[in-house]
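See below for the structure under consideration.
When reading the values below, keep in mind they use all heavy atoms of this one structure, side chains included, and skip hydrogens, waters and symmetry mates. Just so you know, these numbers come straight off a predicted model, no measurement behind them.
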Amino acid sequence: MKTIFTLFILLLSSTAVYSQDDQTLYLLFEMMEVKEVYRADYLEVEQFWSAIHQQRVADGNIIGWDLWAITPSGSEQGAQYMTTTLFSSLEKMLAGIPDEKFNEYLKKAHPEKSNKELE
């Protein structure tokens with residue numbers, strides 16, 4: 001009985017592992033170190049890009065995007081930031097933002113800005 005139960009569990013485990021193979025995610029981690037005096041400027045830039053990444057998600061170019069802050073205690077240490085971008089394929093990750101789509105994402109993300117401001 002133990003042998004049959006063990007085989008049944010192994011069969012279920014191998015099926016679960018096999019089915020997860022179709023859901024491969026590719027993650028791109030980018031690390032930035034920002035001096036304390038530039039922290040507000042950096043967060044403003046990331047907020048600007050966040051809207052562009054939302055357009056990329058809507059278009060299917062990426063699955064998701066997130067910004068993480070690592071703020072150590074102490075003085076003069078600045079802060080480190082990490083962005084994480086999730087892709088459904090290696091090809092999409094390596095391609096980045098297609099040149100022909102970038103202006104489209106930019107205009108959709110910031111329709112209130114003029115072309116001169118976007119440049």
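Checked against ring pair (Phe, Tyr, Trp, His ring centres under 6.0 Å), Trp68 has no partners two or more places apart in sequence or in another chain. Every side-chain contact (heavy atoms from CB on, under 4.5 Å) that Glu30 has, sequence neighbours left out, goes to Leu28, Met32, Thr83.
Expressed to the nearest 0.5 Å, how far CG of Asp66 lies from CG of Leu27 amounts to 11.0 Å. Within the model, atoms OH of Tyr42 and NZ of Lys35 stand 16.0 Å from one another, a figure rounded to the nearest 0.5 Å. The distance from atom CZ of Phe87 to atom CE of Met93, rounded to the nearest 0.5 Å, is 7.0 Å.
Minimum interatomic distance between Asn61 and Pro98 (heavy atoms only, all atoms of both residues): ND2-CD, 3.5 Å. The minimum heavy-atom distance between Leu86 and Leu25, with the atom names listed, is CD2-CD1, 4.0 Å. What you find for Ile62 and His53 is that their closest heavy atoms are CD1-O, 3.8 Å. Minimum interatomic distance between Tyr26 and Ser89 (heavy atoms only, all atoms of both residues): CD1-C, 3.5 Å. Between Thr85 and Trp65, the shortest heavy-atom contact is OG1-CD1, 3.3 Å.
Without hydrogens or angle criteria, Glu117 side chain to Ser114 main chain gives a donor-acceptor distance under 3.5 Å.
Counting heavy atoms from C-beta on, the side chains of Lys92 and Ser88 come closer than 4.5 Å. Using a 4.5 Å heavy-atom cutoff, the side chains of Met82 and Leu67 are not in contact.
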Quiz item: Would Gln54 and Ile52 satisfy side chain to side chain contact (heavy atoms under 4.5 Å, CB included), going step by step from the backbone distance to the final call?
Solution: CA-CA 5 Å; Gln54 288 173 5; Ile52 294 169; over 6 Å; no

Exercise. Would you check, one step at a time, whether the test side chain to side chain contact (heavy atoms under 4.5 Å, CB included) holds for Val34 with Gln80?
Key: CA-CA 6 Å; Val34 179; Gln80 291 77 37; over 6 Å; no

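Evaluated for a side chain to side chain donor-acceptor pair (under 3.5 Å) with Tyr81, the options Glu33, Glu46, Arg39 yield exactly one hit, Arg39.
Taking the six-membered ring where tryptophan is involved, the planes of His110 and Phe48 are essentially parallel, since the angle between them stays under 30° and well short of 60°.
Atom OH of Tyr38 is surrounded by 12 or fewer heavy atoms from other residues, nucleotides or ligands within 6.0 Å.
Residues in residues 94-105 take part in these salt bridge (charged side-chain N to carboxylate O under 4.0 Å, His left out) pairs, two or more places apart or across chains: Asp59-Lys101, Lys101-Glu104, Glu104-Lys108.
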